[in-house]
A.B. asks: 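Take a look at the following structure, please.
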Amino acid sequence: MAEVVVFHSALGLRPGIVDAASRLADHGHRVHTPDLYDGQAFEGGREGYAAGMMRMEDLGWTAVVDRAWAAVDDLPQSVVYLGFSMGAGIAQEMAIHRPGARGAVLIGGGGAYDDEPWPLGVPVDCHHMVDDPWVDEYAPVRLARLAARAGSCSSVYLYPGDQHLFSDPGLDEEFDSDLTELMWRRIMRFLIRLEAGHYPARG
């Protein structure tokens with residue numbers, strides 16, 4: 001089974017991240033959930049997002065990414081990076097710059113903003129609601145095109161609605177149970193195909 005690193009959003013290591021890790025572990029995957037906020041976590045809603053963003057800004061993006069690098073330092077290189085929102089950007093950073101990545105799953109974030117080359121043979125899946133105000137709707141598509149040009153498989157999944165962390169069961173105003181189950185079926189299929197060698201290997 002796959003070794004998966006799950007990076008949390010700007011709201012911190014919420015129970016929703018624990019739920020995500022449990023889903024993966026229940027399918028036999030080995031899962032790591034780095035806490036980049038030293039135990040701080042925030043609720044949803046306008047105030048919660050503002051507090052989470054302030055925490056990220058207080059630390060500084062470079063420091064947050066450095067913490068992520070430190071968290072994976074002792075892990076094998078051949079891992080799958082999965083991230084939510086802010087964590088999607090970190091997962092993308094790792095997939096591009098840490099050699100040996102097996103794949104990346106970006107949920108509610110990430111995408112190509114500056115045409116940074118995507119690594120050969122690292123499949124990537126992107127998931128977000130079509131009207132999510134936190135996602136540049138063209139960024140995941142640009143990333144998919146870059147990945148395809150690099151010879152890597154890619155998929156962009158759009159879900160109806162305008163919620164951001166729609167798969168977090170603890171965020172009542174955002175959570176969509178039906179779409180969450182659909183998203184996780186797709187993610188598990190991605191990992192099954194990865195383990196079965198259905199994606200072209202790195203050159």
Side-chain angles (χ1 to χ4, degrees), residues 1-42 52-114 116-127 139 143 146-147 150 152-154 165 167-168 187-188 190-191 194-195 197 199-203:
M1 290 295 174
E3 189 134 3
V4 185
V5 182
V6 180
F7 291 109
H8 62 72
S9 74
L11 296 182
L13 189 57
R14 291 178 40 76
I17 301 300
V18 177
D19 177 76
S22 295
R23 286 175 178 267
L24 292 163
D26 287 346
H27 281 75
H29 303 294
R30 185 178 179 189
V31 190
H32 308 271
T33 54
D35 183 352
L36 308 179
Y37 278 7
D38 299 323
Q40 278 192 292
F42 305 92
M53 292 298 293
M54 184 175 296
R55 174 61 173 154
M56 182 185 72
E57 291 169 3
D58 286 345
L59 289 170
W61 176 249
T62 299
V64 172
V65 173
D66 286 346
R67 289 181 176 207
W69 276 95
V72 302
D73 190 53
D74 293 330
L75 297 182
Q77 289 186 322
S78 182
V79 301
V80 177
Y81 300 103
L82 184 152
F84 296 85
S85 189
M86 177 191 82
I90 295 171
Q92 179 173 326
E93 161 89 9
M94 294 294 167
I96 292 173
H97 296 291
R98 190 171 187 254
R102 295 193 67 191
V105 179
L106 313 180
I107 304 168
Y113 295 95
D114 54 7
E116 189 170 28
W118 188 258
L120 171 66
V122 179
V124 55
D125 274 9
C126 302
H127 302 260
L143 176 60
L146 287 175
S152 299
C153 296
S154 61
L165 298 176
S167 62
D168 188 326
I187 291 172
M188 297 306 177
F190 172 86
L191 295 173
L194 190 65
E195 290 297 301
Y199 296 112
R202 292 181 293 275

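These values consider heavy atoms only, across backbone and side chains, with no hydrogens, waters or symmetry-generated copies.
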A.B. asks: In sequence, state the C-alpha distance, the side-chain angles, and the governing distance for Leu11 and Ile17, and then conclude on side-chain contact (heavy atoms from CB on, under 4.5 Å).
C.D. replies: CA-CA 10 Å; Leu11 296 182; Ile17 301 300; over 6 Å; no
A.B. asks: If I take atom CZ from residue Arg14 and atom CZ from residue Phe42, how far apart are they, to the nearest 0.5 angstrom?
C.D. replies: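 Atom-to-atom, Arg14:CZ and Phe42:CZ are 11.0 Å apart.
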A.B. asks: At their closest point, which heavy atom of Asp35 faces which heavy atom of Asp38, and how far apart are they?
C.D. replies: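 Shortest heavy-atom separation between Asp35 and Asp38 comes out as OD1-N, 3.4 Å.
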A.B. asks: Side chains of Phe7 and Val72: does their closest heavy-atom pair fall under 4.5 Å?
C.D. replies: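 When only atoms from C-beta onward are counted, Val72 and Phe7 do touch, with a gap below 4.5 Å.
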A.B. asks: If you measure from CG on Leu36 to CG on Leu13, what distance do you get to the nearest 0.5 Å?
C.D. replies: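 That separation rounds to 8.5 Å.
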A.B. asks: Can you see which heavy atom on Met86 is nearest to which on Ala10, and at what distance?
C.D. replies: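 Nearest pair, atom of Met86 first, then Ala10: CB-N, 3.7 Å.
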A.B. asks: Heavy atoms, side chains only, cut-off 4.5 Å: are Val124 and Ser152 in contact?
C.D. replies: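 A side-chain contact under 4.5 Å is absent here.
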A.B. asks: Under 3.5 Å, which donor-acceptor pairs do the side chains of residues 58-66 form with other protein atoms, sequence neighbours left out?
C.D. replies:
none

A.B. asks: Rounded to the nearest 0.5 Å, how far apart are CG of Leu165 and CZ of Phe84?
C.D. replies: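 Answer rounded to 0.5 Å: 8.0 Å.
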A.B. asks: With rounding to the nearest 0.5 angstrom, report the CE to CG distance, Met1 to Leu191.
C.D. replies: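 Reported to 0.5 Å precision, the distance equals 9.0 Å.
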A.B. asks: Can you name the nearest heavy-atom pair linking Trp118 to Ala147, along with the distance?
C.D. replies: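 Reported closest heavy-atom pair: CD1-CB, 3.6 Å.
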A.B. asks: How far apart are the closest heavy atoms of Pro34 and Ala71, and which atoms are they?
C.D. replies: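 Closest approach of Pro34 to Ala71: CB-CB, 3.6 Å.
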A.B. asks: Taking the side chain as every heavy atom from C-beta outward, state whether Val105 and Tyr81 have any atom pair closer than 4.5 Å.
C.D. replies: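 They are not in contact (no side-chain heavy atoms under 4.5 Å apart), so the answer is no.
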A.B. asks: Can you tell me how far CG of Asp74 sits from NE2 of His32, rounded to the nearest 0.5 angstrom?
C.D. replies: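 Here the interatomic distance stands at 10.5 Å.
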A.B. asks: Does His29 reach the main-chain N or O of Glu3 with its side chain, forming a donor-acceptor pair under 3.5 Å?
C.D. replies: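 Side chain of His29 to backbone of Glu3: no pair is present.
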A.B. asks: Show your reasoning for whether side-chain contact (heavy atoms from CB on, under 4.5 Å) applies to Asp125 and Ser154.
C.D. replies: CA-CA 6 Å; Asp125 274 9; Ser154 61; 5.9 Å; no
A.B. asks: Does this structure show an ion pair linking Arg98 with Asp73, if we count only N-O contacts that are shorter than 4.0 Å?
C.D. replies: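 Looking at Arg98 and Asp73, the cut-off is not met.
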A.B. asks: Does some side-chain heavy atom of Val79 sit less than 4.5 Å from a side-chain heavy atom of Met94?
C.D. replies: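 Not touching, per the 4.5 Å side-chain cut-off.
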A.B. asks: In the structure I gave you, are the side-chain heavy atoms of His127 and Leu106 within less than 4.5 Å of one another anywhere?
C.D. replies: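 No, their side chains stay 4.5 Å or more apart.
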A.B. asks: Do the side chains of Gln77 and Arg102 get nearer than 4.5 Å, heavy atoms only?
C.D. replies: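 No, too far: nothing below the 4.5 Å cut-off.
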A.B. asks: Let's go through Ser85 and Ile107 carefully: what are the C-alpha distance in whole Å and the side-chain angles of both, what is the deciding distance for side-chain contact (heavy atoms from CB on, under 4.5 Å) to 0.1 Å, and is it a yes or a no?
C.D. replies: CA-CA 6 Å; Ser85 189; Ile107 304 168; over 6 Å; no
A.B. asks: Please tell me if the side chains of Val4 and Arg30 come closer than 4.5 Å, counting only heavy atoms from C-beta onward.
C.D. replies: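 Val4 does not reach Arg30 side chain to side chain.
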A.B. asks: Are the side chains of Val80 and Val5 in touch, meaning some heavy atoms are under 4.5 Å apart?
C.D. replies: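 No, too far: nothing below the 4.5 Å cut-off.
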A.B. asks: Name all residues meeting the ring pair (Phe, Tyr, Trp, His ring centres under 6.0 Å) criterion together with Tyr37; count only those two or more places apart in sequence or in a different chain, and write none if there are none.
C.D. replies: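 Here the qualifying residues are His8.
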A.B. asks: Is there any side-chain hydrogen bond (donor to acceptor under 3.5 Å, both in side chains) pair reaching into residues 16-27, and which pairs are they, with sequence neighbours excluded?
C.D. replies: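 Qualifying pairs, neighbours excluded: Asp19-Arg23, Arg23-Glu181.
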A.B. asks: So which atom in Gly110 and which in Ala139 form the shortest heavy-atom distance, rounded to 0.1 Å?
C.D. replies: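 Between these two residues, the closest heavy atoms are O-CB, 4.0 Å.
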A.B. asks: Between Pro117 and Ile96, what is the shortest heavy-atom contact and its length?
C.D. replies: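 Answer, listing the atom of Pro117 first, then Ile96: O-CG2, 3.8 Å.
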